[in-house]
Amino acid sequence: MKYFRLSQAAVKALADSYGTPLLVLSLEQIERNYNLLAENMPGVKIYYAVKANPDERIVRKLSSLGGYFDVASDGEMRMLHHLGIDAERLVYANPVKTVNGLKVACETGVNKFTFDSESEISKMAAAVPGGTVLLRIRVDNPRALVDLNKKFGAHPEEALELLLKAQAAGLDVAGLCFHVGSQSTGTEAYLEALSLCRRLFDAANKQGLNLRILDIGGGFPIPTLTEEPDVAAMAAGIYKAVKQYFPDTEIWAEPGRHICGTAVNLITQVIGTTVRNNQQWYFLDDGLYGTFSGVIFDHWDFELETFKTGKRIQATFAGPSCDSLDVMFRDKLTVALEIGDLILVPNCGAYTSASATVFNGFAKTQIVVWEDIYGEIMAKLELATAG
Ligand SMILES: *Cc1c(COP(=O)(O)O)cnc(C)c1O
């Protein structure tokens with residue numbers, strides 16, 4: 001699969017026109033990523049996990065493709081409500097909901113929820129009586145980059161009891177969900193989770209509880225510095241097992257990273273250089289408090305394309321703020337750089353701008369849509385080559 005990646009000439013033209021740092025979003029890549037999952041998992045309802053990148057233009061694009069949305073807070077529900085997205089298309093998939101979140105769910109008509117503890121049952125029964133609920137099950141996956149099962153998921157042994165308690169509280173107990181962890185690079189964890197959920201569906205059925213929905217969560221990966229996972233094959237493999245275990249069940253998925261990760265490129269530039277303790281330092285105009293927040297919150301290592309060749313050295317890359325924590329990479333291999341050099345960071349769309357701050361007065365990095373400005377940039381490039 002070819003992912004969105006700006007050429008050196010486009011990077012230069014974009015930096016000239018818009019300045020740096022700059023995030024460039026390809027909505028066509030969003031569409032390709034969505035379609036890849038939709039085509040390999042036909043009939044599965046794709047709930048985009050808005051937290052990965054809440055940019056309105058991504059949400060609107062997915063809405064136009066017929067997508068659904070996984071939201072986790074009052075703010076995300078309000079935003080989608082303002083965009084005119086039908087509350088029927090949303091699941092409030094936070095197992096521990098806030099008072100405000102439940103209030104906004106009521107106000108905006110969101111009526112699908114997940115939970116993983118007994119204390120959440122009475123909260124939901126009081127705030128959204130009769131609401132449709134899925135129980136989140138804990139699954140273990142050592143092969144995920146970000147393990148979400150340390151924080152969420154009911155132990156399979158307590159699942160049945162929780163389902164029955166939710167039913168007794170008057171909730172519409174519809175099914176199960178799980179999340180194998182983010183950037184999961186194999187299908188094994190999904191297959192194990194499916195087999196576990198099949199056993200739980202059967203056990204619930206014996207108690208007269210007919211579950212009708214299974215939500216297989218997110219976790220679909222994007223390329224890293226060392227690996228390019230075959231997401232189509234992965235989705236097809238998961239889908240095959242889904243059809244085998246759950247031929248008649250409504251299936252949902254909640255991809256975040258896979259939808260938006262490859263659709264954004266960052267353009268940043270070197271704003272300072274120095275040598276300290278025999279180590280080369282480069283200061284960039286975007287940093288750990290900005291787009292590179294994923295280094296901390298997402299344990300992510302980013303590719304830095306400098307468009308230069310030559311001997312590689314180990315260098316430290318720091319952000320623009322005055323905090324000493326603001327260092328993104330140490331001992332990162334790079335060619336020698338100078339002030340003004342532009343750096344392209346591909347695959348920069350998931351858990352990047354979403355968790356960026358405005359610490360120290362640095363505004364969040366502007367995001368432009370590639371397909372909106374493509375003509376303008378191309379015209380500029382033609383002028384440059386003509387002259
Ligand atoms: C974060 C999250 C997702 C998205 O996970 P990805 O690994 O980005 O696909 C899906 N579902 C829930 C409940 C989440 O918290």
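First listed ligand is number 1; within each ligand, the first listed atom is number 1.
Of all atoms in ligand 1, numbered sequentially from 1 with element shown, those under 4.0 Å from a heavy atom of Arg136 are 13 (C). Counting atoms of ligand 1 from 1 in the listed order, those under 4.0 Å from a heavy atom of Gly256 are 4 (C), 6 (P), 8 (O), 9 (O). For ligand 1, the atoms closer than 4.0 angstrom to any heavy atom of Arg257 are 6 (P), 8 (O), 9 (O). Atoms of ligand 1 found under 4.0 Å from any heavy atom of Ala93, numbered from 1 in the order shown, are 13 (C). When each atom of ligand 1 is checked for a heavy atom of Pro255 under 4.0 Å away, the hits are 9 (O). Under a 4.0 Å criterion applied to the non-hydrogen atoms of Glu254, ligand 1 contributes the atoms 3 (C), 4 (C), 9 (O), 10 (C), 11 (N), 12 (C), 13 (C). Close approach of ligand 1 to Ala49 (heavy-atom distance below 4.0 Å) involves ligand atoms 3 (C), 4 (C), 10 (C). Against a heavy-atom cut-off of under 4.0 Å, Asp70 is close to the following atoms of ligand 1: 10 (C), 11 (N), 12 (C), 13 (C).
Taking distance alone, with nitrogen or oxygen atoms compared against 3.5 Å, His179 approaches ligand 1 more closely than that limit.
A distance of 6.0 Å or more separates the ring centres of Tyr48 and Tyr34.
The shortest heavy-atom contact between Thr114 and Met124 is O-SD, 4.4 Å.
Between Asp286 and Thr268, the side chains place no donor N or O within less than 3.5 Å of an acceptor N or O (distance only, hydrogens not considered).
The proximity of Lys51 to ligand 1, defined as any non-hydrogen pair under 4.0 Å, is limited to the side chain. Residue contacts with ligand 1, taken as heavy atom pairs separated by less than 4.0 Å, involve Tyr351 solely via side-chain atoms from C-beta onward.
The number of heavy atoms from other shown groups lying within 6.0 Å of NZ (Lys308) is above 12. Around CZ of Phe307, the count of heavy atoms belonging to other residues, nucleotides or ligands within 6.0 Å exceeds 12. For Glu161, the CD atom is loosely surrounded, since the number of other residues' heavy atoms within 6.0 Å does not exceed 12. Crowding of Lys123 atom NZ: a count of heavy atoms from other residues, nucleotides or ligands under 6.0 Å exceeding 12.
Remark: Arg136 is not positioned above the aromatic ring of Phe115, lacking an NZ or CZ atom under 6.0 angstrom from the ring centre and at most 45 degrees off the axis.
Look at Ala52 and you'll find every heavy atom at least 4.0 Å from all atoms of ligand 1.
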